[in-house]
Amino acid sequence: LTYSMNDVLGTVDVVSADIDFGYYYGANDNASLSAPSDYFIYDLSNWSVKNATQFVSTTLAASDFDELSTFADIDVVFEGGTDEGKIITGLAVGDVIAFATDETKEGGSKKGVILVKTITGADGEGDNIEIDVIVQEPVSE
C-alpha cells in the first residue's frame, strides 16, 4: 500500500502499523528512505506503532531485480548486503536495496527488495520517488 503525506499527517494511529518506511529528500541526505521509528521529517508523535524497518545496501544490478522470484533469492540479497540501519540515504535511480520489516509486526518480519525507478525534484513540494518492491509474503495454509 502507498500512503500520501496527507494520509500520514495528523493521523491518530489509523495507518501507522501498516507503514514500514517513508521517503524524504534532505539537503545533505538527498533521496532517502527511513523507518517510521527514526523518521524525523513529520511529527509522528500520535503514532503508537513506529515500525523499525532495517535497510541494507546491495550491489545487485537493476537488471537483476526482476529475476528475484523466491524467498531464498531475497534472503541471499539481504544477507549479502551492507547494513545501513533504519535510514538509507543518497539513493539514485537504479539502486537496489533490501529491507526487513519490524520483527514485532503482526505476522513477523518480512524481507524484501526495492528498486529505485525515478527520483523527481529535490527537497520541494511535489517531489517524489518511484520504486518497485518485491516482498516475501507468507504462504496461505
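This chain uses plain numbering: 1 for the first residue, then up along the sequence.
Looking at Tyr39, its side chain does come within 3.5 Å of a backbone N or O of Tyr23 through a donor-acceptor pair. Looking only at distances, no side-chain donor or acceptor of Ser34 sits under 3.5 Å from a matching main-chain atom of Gly22. Between the side chain of Asp38 and the main chain of Ala35, no donor-acceptor pair closer than 3.5 Å is present. Within the 3.5 Å criterion, the main-chain N or O of Asn30 finds a donor-acceptor partner in the side chain of Ser32.
Around CG of Asn28, the count of heavy atoms belonging to other residues, nucleotides or ligands within 6.0 Å does not exceed 12. Crowding of Glu130 atom CD: a count of heavy atoms from other residues, nucleotides or ligands under 6.0 Å exceeding 12.
Ile97 places a side-chain heavy atom less than 4.5 Å from the side chain of Leu91. Annotation: side chain of Asp127 is not in contact with side chain of Tyr25 (no heavy-atom distance under 4.5 Å). No side-chain heavy atom of Ile129 sits under 4.5 Å from any side-chain heavy atom of Thr118. Side-chain contact between Ile74 and Ile134 is present, with at least one heavy-atom pair separated by less than 4.5 Å. Taking the side chain as every heavy atom from C-beta outward, Thr82 and Thr59 never approach each other to under 4.5 Å. Two residues are said to be in side-chain contact when any heavy atoms from C-beta on lie closer than 4.5 Å; Val15 and Ile19 meet this criterion. Looking at heavy atoms from C-beta onward, Val93 lies out of side-chain contact with Lys117 at the 4.5 angstrom threshold. Phe55 places none of its side-chain heavy atoms less than 4.5 Å from the side chain of Thr89.
Residues Val135 and Leu68 fall into different hydrophobic clusters, defined by Ile, Leu, Val, Met, Phe, Trp and Tyr side chains chained together at heavy-atom separations under 4.5 Å. Linking Ile, Leu, Val, Met, Phe, Trp and Tyr residues whenever their side-chain heavy atoms come within less than 4.5 Å places Leu33 and Val133 in a single cluster. Taking hydrophobic clusters as Ile, Leu, Val, Met, Phe, Trp and Tyr residues chained together by side-chain heavy-atom distances below 4.5 Å, Val77 does not share a cluster with Phe71. Transitive grouping of hydrophobic side chains (ILVMFWY, heavy atoms separated by less than 4.5 Å) brings Leu115 and Val113 into a common cluster. Under the 4.5 Å side-chain contact rule for hydrophobic residues, Ile88 and Phe99 share a cluster.
A salt bridge links Glu79 with Lys111: the closest approach of a Lys/Arg side-chain nitrogen to an acidic carboxylate oxygen falls below 4.0 angstrom.
In this structure, the separation between CG on Asp83 and OG on Ser57 is 8.5 Å, given to the nearest 0.5 Å. Note: Glu67 CD to Asp73 CG = 9.5 Å, rounded to the nearest 0.5 Å.
Inspection of the Gln136 and Asp75 side chains reveals an N or O donor paired with an N or O acceptor under 3.5 Å.
Heavy atoms only, all atoms of each residue included: Ala52 and Ser37 are closest at CA-OG, 3.5 Å. Counting all heavy atoms, side chain and backbone alike, Pro36 lies closest to Trp47 at CB-CZ3, 4.0 Å.
Applying the salt bridge (Lys or Arg N to Asp or Glu O under 4.0 Å) rule to Asp29 yields no partners; only residues at least two apart in sequence or on another chain are considered. Residues forming a side chain to side chain contact (heavy atoms under 4.5 Å, CB included) with Asp20 (at least two apart in sequence, or on another chain): Asn51, Thr53, Thr101, Lys105.
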